[in-house]
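Notes follow the structure.
As the structure is a computational prediction, the values presented were derived from the model and not from experiment.
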Amino acid sequence: MAELEGLEFGKSDFVLLDEVTMEQFMENLRLRFEKGRIYTYIGEVVVSVNPYRQMDIYGKDTIEAYRGRELYENPPHLYAVSDAAYKAMKRRAKDTCIVISGESGAGKTEASKYIMQYIAAITNPSQRAEVESVKNVLLKSNCVLEAFGNAKTNRNDNSSRFGKYMDINFNFNGDPTGGHINNYLLEKSRVVHQQEGERNFHSFYQLLRGGSEETLAAFHLQNDPAVYVYTKEGAATVTSNNDRTSHKAVISALEVIGFSKEEINSIYQILASILLLGNLQFESDGESVQILGQEAVNQISELTATEPESVSKTLLYRTVACFGFITALYERLFGWIVGRINTVIEVKDYNPVLHGKNTVIGVLDIYGFEIFDNNSFEQFCINYCNEKLQQLFIELILQQEQAEYQREGITWQHIDYFNNQIIVDLVEQPHKGIISILDEACLTVGNVTDTVCLDSMDTKLAQHPHYTSRKVRMHHINPTLKYSVEGILDKNKDLLFQDFKRLMYNSTNPVLKEMWPDGQLSITEVTKRPLTAATLFKNSIVALVDKLACKEPYYVRCIKPNEMKSPMLFDDARCQHQVAYLGLLENVMVRRAGFAYRQPYARFLQRYKMTCEYTWPNHLMASDREAVEAIVTQHGFQDDVAYGHTKLFVRTPRSLFTLEQERAALIPILVLFLQKVWRGALARMRCRRMRAIYAIMGCYKRYKVKAHFWEVERRFANVRNMADYGKSVEWPTPPAALAQWWARQIVKKIPPSDMLEVRAKVAALTALSGERKDWGISRAWERDYLANARDCPQTSSGFIRVSKELRNKDEYSQVLFSGFCRKVNRFNKSTDRSLLVTDKFVYKLEPKKQYKVMKRLPLDAFTGLSLTSGVDQMVVLHTSSEDDVLLCLQRGVLCPNQDRVGELVGALVDHFTRVRKVQFPVKVCRSAVQLHMRGKLKSVTVETKPGQAAADFKKSRDGFILLFPGN
């Protein structure tokens, strides 16, 4: 079990606080932040405080420490909740989601990246290429979406200016097979306006500072953001991001995902055209408006692949609406990038029958609650989204939790909490909510101003406890949060005139054309009035909440410790406000009073019945509840559980972990048992099948033998009446069974002492394949000729003594062959030597010096053997690393015509194939024999020399010549 944190770091789980008060909660949160412990649990909820510095807690060792472990086994970490969500998905085939929430700058984006990295690291252990490809695309998509959807704000260097929900699909093995990304409410107004000290989207600065000189020249750009209206505000702003390095990373990520070079070029052409559009200047003479500088129009026309006249006409006709066109251009680009990524990662042709259930882990990284000096329509939508997610948290964690205890009959003391449903209704309620009032104002014919809209809200919402207003400002949800209504109706209408759409649709750039399908409508065609921006956003958030509600949720609640981005400062008032708004204190109260785990009796029994002798393999009790009680009683958890009407409730995770540990220990035993039973069944099936086969074969063999004798009887029936008494009658071919029987009769008569010689002769017969006529098959093979007193009467005793010494020293067990030979040494001279081949080593001995060992080679070093097809006794032993061994065996004293080459071949081939289970190749050459000596290839030929007393070698131009005595 992993080592847990000491008390000097505070309580690692807020549930363990001595008293659940805001003071103790904040004191523990501050202590852990100051000690560098940025994660704390509330049961299974992770509270994360932004450290504003790099921390060495995300490496491979940390991933391995959390892989497959339970929440309480290690200190709190994002990896722990990621692993919990993954295990729930894999074990129970349950869709899960990880909801990351908190204010802007609280660290949500970084948390989502670490979660994705962890899931990628623990999946696909077999490194299947197609799964690795999916993982790479999912990870690289973060890099791309950050570049085009994130920006530096006064509170966060890498603030998400859009919402992102990613579904990751997994197969039955738990490996990712694809995914889908939903994006919500890109802050497109940032393209044309940023607050003081903030930047436009990262993508613009990355292009200007990271693009090559050739690229910028082709796009008619300079590498200075201060030159352009839309980037000059953030040109001098210090940020932790390196734009040049980031640009290279984004280009690489786009290529990995599968964007073509043409598509990547089109993306940056659109960015360049937006920058150039921002620098356009207009002049008016009172009656008409003109664009200053036709060159800029030509450049924009070139980048958008449109006609210059069309660009000028569209811009001059709708001069006031240009800002809306520019923001829409970026919004369409971002939406197209997300859609293009989805075409790559979405699961296609998934067949549950073939591939098993397709489960999902969802990761939600959405903009946090925003409070600016000037809050407008975008902040209103963003904060409504956060209220909606907080309401989901209340429903799932607080409201449903307590309702389930009451429904199951569990004794429970109700805990009060603030339910923000009233605030959600204030925003989204049909006909009465703020969004409905905004839509009504947008649809009203006539001169309806922002002030008139505010008056309408005052009239309809005056009695609402969470709504107050003053002229040109309104506030709701939070007494300190106010919204300006200036421009709110225009932003809600979000109109874009058809001539802008048609201009882009008529582009010859296929990417740009694809982004504007609605541009194909003519200006006279009547279309249905589009939904307002607020309604579209509300519908998408309602769909998101519905999607999250059907999954098992895991929460990461991010807290921003200060407004200065300082790693040392902990602002108590700022943090306490976030803790109160996120409902963390109420969460602790519910968790302390509640149960960490609950499961229907049947499902609990199915998973843990093997841990109890009374429930395995099946119980005989009256109900599943009684069987579950037997499991709990056997493990001594009676005081840690409660029995509901249909479910078992377990208070602490430790009890569940004990069951999981015992189950994990029993599973291999059960698997082995099942394997044993199944293997036994298979073996019995095979045995019965083999017995049937042998019975059939026996009957068939007997039939063939009988048929053979019937044929013999038929052929020789009338031989008494024939002149030659049947001599001319041809015998029928005997069946194989009869031939085998006859072979067994012959083999049975061979004494055991001769079997080694028989095996060697069979091996030599097979290896030589009839290519050598005389190889000693007709004589007895003695193998160890040097120890034979008849063959070596004067030296055999000395060899026997040396052989015993070598046997004791090298521990070989058998002599395969020994005898005298004529050998060529490394100086190309031939000398008389003795050869000893054992089952471990091959020895070269000096017979004139009491059989002194001149050289010893392991038998494994020899890889084959070559010889001629003649009667000479030359042999070449091939080695894997050293020089080949060239020698000529000398014949016996008593039998000068003995052929011993066949015996050496048989002994070696039989030993290698039968004992070492490897092949020992033998090559029979009809002319010259090839060998390697001193790094060179040489050949040896044989010359028969009458009158030659003994065989000898002499050097030739390309090798050696064996002079062999003969006629």
Side-chain angles (χ1 to χ4, degrees), residues 754-785 791 815-824 830 833 835 837 842 859 862-879 884-914 918-933 937-946 948 950-954 956 959-967:
D754 294 341
M755 285 304 296
L756 196 61
E757 178 183 347
V758 171
R759 289 197 187 98
K761 287 184 177 181
V762 171
L765 178 66
T766 305
L768 297 174
S769 304
E771 295 189 39
R772 186 177 173 104
K773 185 176 181 182
D774 184 13
W775 48 276
I777 188 172
S778 58
R779 66 174 182 83
W781 288 0
E782 299 186 18
R783 292 192 175 219
D784 195 359
Y785 291 100
D791 203 60
V815 174
L816 303 182
F817 183 85
S818 70
F820 293 110
C821 65
R822 189 77 174 171
K823 180 187 174 299
V824 176
S830 60
R833 291 288 183 261
L835 177 69
V837 182
V842 175
L859 191 61
F862 293 93
T863 59
L865 178 150
S866 294
L867 67 159
T868 68
S869 58
V871 297
D872 59 88
Q873 300 298 292
M874 183 178 66
V875 175
V876 174
L877 295 173
H878 301 291
T879 64
D884 293 340
V885 179
L886 173 62
L887 53 87
C888 180
L889 298 178
Q890 294 181 0
R891 294 173 170 177
V893 176
L894 300 178
C895 302
N897 294 325
Q898 273 187 352
D899 186 296
R900 295 184 178 175
V901 171
E903 187 172 356
L904 177 59
V905 170
L908 288 173
V909 172
D910 176 58
H911 176 77
F912 273 90
T913 56
R914 186 170 54 84
V918 294
Q919 295 297 316
F920 189 76
V922 174
K923 184 177 181 181
V924 182
C925 305
R926 295 190 176 277
S927 55
V929 178
Q930 304 292 323
L931 75 154
H932 287 87
M933 188 170 286
L937 182 65
K938 298 185 178 182
S939 61
V940 186
T941 58
V942 180
E943 289 184 6
T944 303
K945 190 173 182 182
Q948 177 86 10
D952 199 4
F953 293 97
K954 76 172 184 178
S956 66
F960 301 95
I961 299 174
L962 173 64
L963 301 176
F964 191 73
N967 299 325

For Arg783 and Asp910, the nearest pair of non-hydrogen atoms, with its separation, is NH2-OD2, 4.5 Å

So CG of Leu765 and CH2 of Trp775: to nearest 0.5 Å the spacing works out to 5.0 Å

When rounded to the nearest 0.5 Å, the distance separating CZ of Phe964 from SG of Cys888 is 6.0 Å

Between the CE atom in Met874 and the CZ atom in Phe960, the distance rounded to the nearest 0.5 Å is 11.5 Å

As a quick check of understanding, evaluate side chain to side chain contact (heavy atoms under 4.5 Å, CB included) for Phe920 and His911, giving each step before the final call. CA-CA 9 Å; Phe920 189 76; His911 176 77; over 6 Å; no

Which of Thr944, Asp899, Leu962 passes side chain to side chain contact (heavy atoms under 4.5 Å, CB included) with Asp872? Answer is Leu962

Tightest non-hydrogen contact, residues Asp884 and Met933, listed as O-CE, 4.1 Å

CD of Gln890 to CD of Gln873, rounded to nearest 0.5 Å, is 10.5 Å

Rounded to the nearest 0.5 angstrom, the CZ-CZ distance for Arg900 and Arg779 is 6.5 Å

Quick note, side-chain hydrogen bond (donor to acceptor under 3.5 Å, both in side chains) partners involving residues 758-770, not counting sequence neighbours, are Glu757-Lys761

Practice item. Would you mind reporting whether Val885 and Leu835 have side-chain heavy atoms less than 4.5 Å apart? Key: no

Quiz item: So Gln930 and Ser866, side chain to side chain contact (heavy atoms under 4.5 Å, CB included) or not? Walk me through it.
Solution: CA-CA 8 Å; Gln930 304 292 323; Ser866 294; over 6 Å; no

Of all heavy-atom pairs linking Ala764 and Gly906, the shortest is CB-CA, 3.7 Å

- Using only heavy-atom distances, determine whether the side chains of Glu903 and Tyr785 contain a donor-acceptor pair under 3.5 Å. yes

When rounded to the nearest 0.5 Å, the distance separating CZ of Phe912 from CG of Leu816 is 8.5 Å

Nearest heavy-atom approach of Leu887 to Phe953 is C-CZ, 4.0 Å

Contacts of Glu943 meeting side chain to side chain contact (heavy atoms under 4.5 Å, CB included) (sequence neighbours excluded), chain-then-number -> Ile961, Leu963

In Thr941, Val875, Val942, the residue satisfying side chain to side chain contact (heavy atoms under 4.5 Å, CB included) with Thr868 is Val942

Side chain to side chain contact (heavy atoms under 4.5 Å, CB included) with Leu867: of Val922, Leu904, Leu889, only one passes, and it is Val922

Any donor-acceptor pair under 3.5 Å from Arg822 side chain to Arg833 backbone: no

